[in-house]
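Below is one structure, written out as C-alpha cells; the observations come after it.
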2 protein chains.
Amino acid sequence: MEYTAKPATNDRPTRFHVAVDVVALTIKRNLLQVAVVQREGSLSCILDRKSGYVQEVPREPFDYALPGGHVKLNGENLIQAACRELFEETSIRVNPEDLVQIGAYGEVGRDPRPGRTVSIAFVAFSPDFASPFAGSDAANAKFMDVVEVLADPNRLEFDHNQIIRDAISRVRELMERTPIALKFCDEEFTLGDLRHVYEVMFHHAYNPDAETLRFADRIRREDSNSDSFAAEQQIHVLSKAFMESSKNELMMTMPMNDMRMGLSSGRKMTRDQDVYSKVQNLLAEEYRRASRVSTPGEKSAREKMKLSFDAANFARKAEVIEGFIERVPGKTRHSSSGTGKPAQVYRRGKAEKLDPPLIIPRRATKPTKRPAK
Amino acid sequence: MEYTAKPATNDRPTRFHVAVDVVALTIKRNLLQVAVVQREGSLSCILDRKSGYVQEVPREPFDYALPGGHVKLNGENLIQAACRELFEETSIRVNPEDLVQIGAYGEVGRDPRPGRTVSIAFVAFSPDFASPFAGSDAANAKFMDVVEVLADPNRLEFDHNQIIRDAISRVRELMERTPIALKFCDEEFTLGDLRHVYEVMFHHAYNPDAETLRFADRIRREDSNSDSFAAEQQIHVLSKAFMESSKNELMMTMPMNDMRMGLSSGRKMTRDQDVYSKVQNLLAEEYRRASRVSTPGEKSAREKMKLSFDAANFARKAEVIEGFIERVPGKTRHSSSGTGKPAQVYRRGKAEKLDPPLIIPRRATKPTKRPAK
DNA sequence: GCAAAAGTGTTTCCCCTACACCCATGG
DNA sequence: CCATGGGTGTAGGGGAAACACTTTTGC
C-alpha cells in the first residue's frame with residue numbers, strides 16, 4: 001500500500017486538512033458490526049490493487065467509508081469533532097468518553113483529492129446504537145458485519161480497511177487491561193452479557209492467527225477429494241496469507257506505521273491484498289453459514305462458531321478483579337435466550353484499570369493432552 | 001510562579017499546522033534518557049498550573065521541548081518528517097523502522113501560537129545515539145534522564161510531559177508482545193543486555209504503581225520521627241498522587257484523550273499536577289542517590305534500585321519464544337562490567353511478534369511466603 | 001421432562017518463582 | 001582466591017483449565 005505520488009495530478013497540495021474517522025462498533029446477533037456510510041458523489045477513493053495507489057474511480061454500489069470529516073478550526077477538540085461527525089453522518093450519539101483514539105493516518109497519497117489530509121481515527125462503543133438512522137444526512141448509513149465489510153465485493157475507501165483492523169486490535173488490548181468492555185454493556189448487566197462481549201471481540205474471525213490455521217487445515221481436508229494439485233496450490237497461498245495477516249495483527253498493535261507501507265513494494269502489497277481478501281471471503285462465508293438461524297436441534301450459532309468461553313472460569317476471573325464489577329444485591333435477570341436460570345445482575349465498579357488484567361489466551365490450547373508420563 | 005493570564009486573543013486560527021514530535025529514547029548508565037532541545041526565542045510555551053492553559057512565558061534556562069516540527073506538505077510521510085526533524089534538531093539519525101507512532105495530540109489551546117497545531121508523536125529507539133550532537137542546529141540538544149526532565153525545576157513545553165509518559169507506556173506494551181526491545185540492543189547482544197533493557201524500561205520510577213506505594217511507605221517510616229501530623233498530611237497527599245498517577249498509567253494506554261483535559265476543571269488539573277511533580281521529584285532524588293557511583297564494597301546501582309530481574313528465569317522466558325532471539329553458535333562476549341563468565345551471543349530472530357508474549361509482572365510479588373502448611 | 005444457562009465445587013496439572021549450585025572470567 | 005555475572009537444575013506453590021454437578025427457569 002504505497003501511495004506514491006499520483007501520476008496524473010499536477011496540482012500539489014497547498015494546505016493540510018485535518019480530519020477524523022470513527023470506527024463505531026456494536027454487537028448484534030453475536031456479530032461485531034461497524035457503522036459505514038456511502039459518501040455522496042459519483043467517485044470513490046479506492047486503493048487500486050494493480051498500481052498500489054488510492055485513486056478516484058466510478059462509485060460502485062458496494063463502496064463504503066467510515067463516518068468522518070474535517071475538524072473545525074476553532075474551539076473543537078479532536079474527540080469533539082469525532083462525536084459531531086459521527087452524529088452528522090449516522091445520527092449516532094455517543095459521549096466523548098466512549099471514544100478512544102486509534103492513531104493518526106497521514107501518508108502522502110492516502111487521499112487523492114486536492115490538498116493533503118491527515119486523519120485521526122477513533123473507536124466508539126455502544127451496546128446498541130439507535131438503528132433507524134432517521135437523520136436526513138444519515139440516510140446512507142448503516143451497520144454492517146465487520147467480516148462482510150472487509151470481504152469482496154465490498155470495498156472500503158481510503159485506508160479505512162486498515163483503520164478498522166487497527167481499531168479491533170486496539171480494543172482487544174484495552175479490553176484486557178481496562179473496563180472498556182462495559183461500554184458495550186448496559187448499565188446493569190449479567191456476567192453472561194459481559195462474557196459475550198469478550199467472546200465476540202476476541203473471535204478468531206477478527207484475528208487470523210493460530211486458530212485460523214486450523215481453519216485452513218479444514219479447508220485442506222475438504223478440498224482433498226477434488227483437484228488435489230490445485231487445492232494444494234490454493235492452500236499454500238492461503239497459508240501464506242494467514243502468516244501475512246498474522247503479521248498484520250502485529251502491525252496493528254502499533255498505530256499505522258506510515259513508513260512500513262512505504263517499504264513494501266507496490267507489487268508485493270498487491271498480491272498480499274488479494275490473498276487476504278480471499279481469506280476474508282472464506283471467513284465471511286463461514287460466518288454466514290454459522291449465523292443462519294439454527295433449526296431446532298441444530299447447534300446454536302455460538303456453538304457452531306466455537307464462540308463460547310468456559311462460563312464458570314470466566315466469571316471467576318472477572319469477579320476477582322478488584323473494582324471491575326460489583327453485584328447489585330438480590331437483583332437477577334433472565335438471559336436473552338429466555339431460558340436458563342436467571343443471572344445475577346452487576347454494575348460497573350470504580351476501577352479504571354483491571355488489576356490483574358483479564359487476559360484472553362490468544363494461542364490455541366495446545367493439543368498436547370498427556371504424552372505418556 | 002505567577003503568570004499573567006493569557007489575554008483573550010482576537011486572532012482565531014486560520015489554518016491547521018501538522019507537526020511531529022519525537023521521543024528519542026536511549027539507555028545510558030542504567031538510566032532511561034530522552035533527547036530534548038531548547039528552542040530558540042525568548043518565550044516558552046508552558047502549561048500554567050493555575051489556569052490550566054498553555055501560555056507563552058519568558059524562557060527559563062530549564063525549559064525543554066521534544067525535537068519536532070512541521071511536516072512538509074509534499075512527498076513526506078509522517079514518519080519521514082519525524083526522522084528529518086529529529087536529525088535537524090539533534091543530529092540523531094534513525095531509520096524509519098525504528099520509529100513507532102504514539103498518537104495524535106490536537107487539543108485546542110495546546111499551542112498558544114497563531115494557527116492551530118495538531119502534532120503526531122513518535123518514539124525512536126537506539127542502543128546508543130551519537131552523543132556529540134555536532135550539528136549546528138543541534139547545539140541546544142542533549143540527552144537527559146527521563147526522571148530529571150519530568151521533575152522540577154525543569155519544565156517541558158506544550159504537552160510534551162504527557163507525550164513522554166504516553167511513549168513509555170506504549171513502549172512497555174510493545175516490549176511484551178514484539179521484539180522491539182532489540183532495537184535498544186546492538187546487532188549482537190547477550191541475554192544480559194536484553195534483560196537490562198527490560199529492567200530499565202519497566203523500572204517502577206516510570207511506573208508509579210504498587211511498587212511505588214511501598215516507596216511511599218518508606219518515606220512514611222523515615223518521616224515518622226519528625227512532625228508526625230505534617231508528615232501524615234504529606235503522605236496522604238502523596239498517596240493520592242500515586243493513585244492519580246496510577247490512573248494516568250491507565251490513561252496512557254490510550255493515546256491522549258483530548259476531552260479528558262477539557263472535562264477536568266482547571267482547578268483540579270492544577271492540584272494533580274502539583275502533587276505529581278512532588279512525587280516526580282522524590283523519584284528523581286531516589287534516582288540520583290542510586291545512580292551515584294558506588295564506592296567499592298557498596299551495592300551496585302542496579303542492586304540499590306532493585307533493578308534486576310531473576311536472570312535465570314528471564315533467560316528461559318526469552319529463549320522459549322519462537323523466533324525472538326537465536327544463538328550465534330560458539331560466540332561469547334564478556335559482560336560490560338568486565339568480570340564474570342562470558343555470555344552467549346545472540347542475534348535477532350525472524351519473529352515479528354512474541355508468542356508467547358514476554359509478560360513483565362506489574363504487581364509487586366506478593367509477600368505470601370509460606371503460611372505454614 | 002428437557003434444554004439451556006447460571007453458578008459451585010473439585011481435581012489436575014502446568015508454569016512460574018525462587019533458590020541452590022556450578023562455571024568461567026578478571027583482578 | 002574471591003567477587004561477579006552466566007548458565008543449569010529443581011522443588012514447591014499458585015492458579016487456571018477442565019469437568020462434574022446442582023439450580024432455576026421456559027417450553
Side-chain angles (χ1 to χ4, degrees), chain A residues 189-196 199 294-303 307-321 327 331-346 356-361 363-373, chain B residues 30 189-196 199 294-303 307-321 325 327 330-346 356-373:
Chain A
F189 54 90
T190 68
L191 276 176
D193 297 336
L194 180 62
R195 178 165 45 89
H196 189 202
E199 285 168 348
S294 356
T295 61
E298 206 181 351
K299 285 196 171 299
S300 73
R302 278 174 79 169
E303 236 177 293
L307 209 72
S308 38
F309 298 164
D310 182 308
N313 293 329
F314 180 86
R316 273 186 281 250
K317 251 192 210 177
E319 274 181 331
V320 91
I321 300 172
R327 298 182 176 224
K331 194 160 184 181
T332 58
R333 175 199 289 171
H334 290 163
S335 71
S336 55
S337 76
T339 178
K341 180 179 175 179
Q344 172 67 238
V345 169
Y346 289 80
L358 205 165
I359 300 293
I360 306 297
R363 334 197 58 187
T365 51
K366 287 164 198 160
T368 56
K369 265 308 170 189
R370 55 203 63 183
K373 186 183 354 177
Chain B
N30 298 328
F189 55 90
T190 68
L191 277 177
D193 298 335
L194 180 62
R195 179 165 42 90
H196 189 200
E199 284 168 349
S294 356
T295 60
E298 207 181 351
K299 286 196 170 301
S300 73
R302 277 172 80 169
E303 239 177 289
L307 209 72
S308 37
F309 298 165
D310 182 308
N313 295 328
F314 180 86
R316 273 186 282 248
K317 251 190 210 175
E319 274 181 331
V320 92
I321 301 172
I325 54 177
R327 299 180 175 225
K331 194 160 185 182
T332 58
R333 175 199 290 171
H334 289 163
S335 72
S336 56
S337 76
T339 177
K341 179 179 175 179
Q344 173 66 239
V345 169
Y346 289 80
L358 205 165
I359 300 292
I360 306 297
R362 251 62 156 216
R363 332 197 60 187
T365 52
K366 287 164 197 159
T368 58
K369 264 306 171 189
R370 54 202 64 183
K373 181 184 8 172

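Chain letters run A, B, ... following the sequence lines, proteins first and then strands; every chain starts at 1.
- Relative to the side chain of B:Asn313, the nucleotides C:dA18, D:dG26, D:dG7 differ in distance, and C:dA18 lies closest.
- We find that CZ of A:Phe309 is positioned 14 Å from C1' of D:dA16, with the value rounded to whole Å.
- Between the side chain of A:Arg316 and the base of D:dG15 there is no donor-acceptor pair of N/O atoms closer than 3.5 Å.
- Both A:Thr339 and A:Thr332 lie near DNA chain C, and the one whose nearest nucleotide falls closer to the 5' end is A:Thr339.
- One interatomic measurement links the two molecules: CD1 of A:Ile359 to C1' of D:dG14, which rounds to 17 Å at whole-angstrom precision.
- Rounded to whole Å, the distance from NZ on A:Lys341 to C1' on D:dC21 is 12 Å.
- Note on A:Lys317: a side-chain N or O is less than 4.0 Å away from OP1 or OP2 of D:dA17.
- The side chain of A:Ala312 has C:dT8 as its nearest neighbour among C:dA6, C:dT8, C:dC23.
- In this structure, A:Arg316 CZ and A:Asp310 CG are separated by 7.5 Å, a value rounded to the nearest 0.5 Å.
- Residue A:Ile360 contributes atom CD1, which lies 13 Å from atom C1' of D:dA16 at whole-angstrom precision.
- Rounded to whole Å, atom P of C:dC16 lies 10 Å from atom CG of B:Leu358.
- Following rounding to the nearest Å, B:Glu319 (CD) and C:dC15 (P) show an atom-to-atom distance of 17 Å.
- Across every non-hydrogen atom of B:Ala318 and B:Leu194, the tightest pair is CB-CD2, 4.5 Å.
- The two residues B:Ile325 and B:Leu191 come nearest to each other via the heavy atoms CD1-CD2, 3.6 Å.
- Across every non-hydrogen atom of B:Ile321 and B:Leu358, the tightest pair is CD1-CB, 3.9 Å.
- Not a single donor-acceptor contact under 3.5 angstrom links the side-chain atoms of B:Arg195 to the base of D:dG6.
- Using a 30° and 60° split on the angle between ring planes, B:Phe309 and B:Phe314 fall in the tilted class, from 30° to 60°.
- Look at NE2 on A:His334: it is 15 Å from C1' on C:dA3, rounded to the nearest Å.
- The distance between atom CG of A:Asp310 and atom P of D:dG15, rounded to the nearest whole Å, is 18 Å.
- Closest to the side chain of B:Arg327, from the set D:dT25, D:dT8, D:dG5, is D:dT8.
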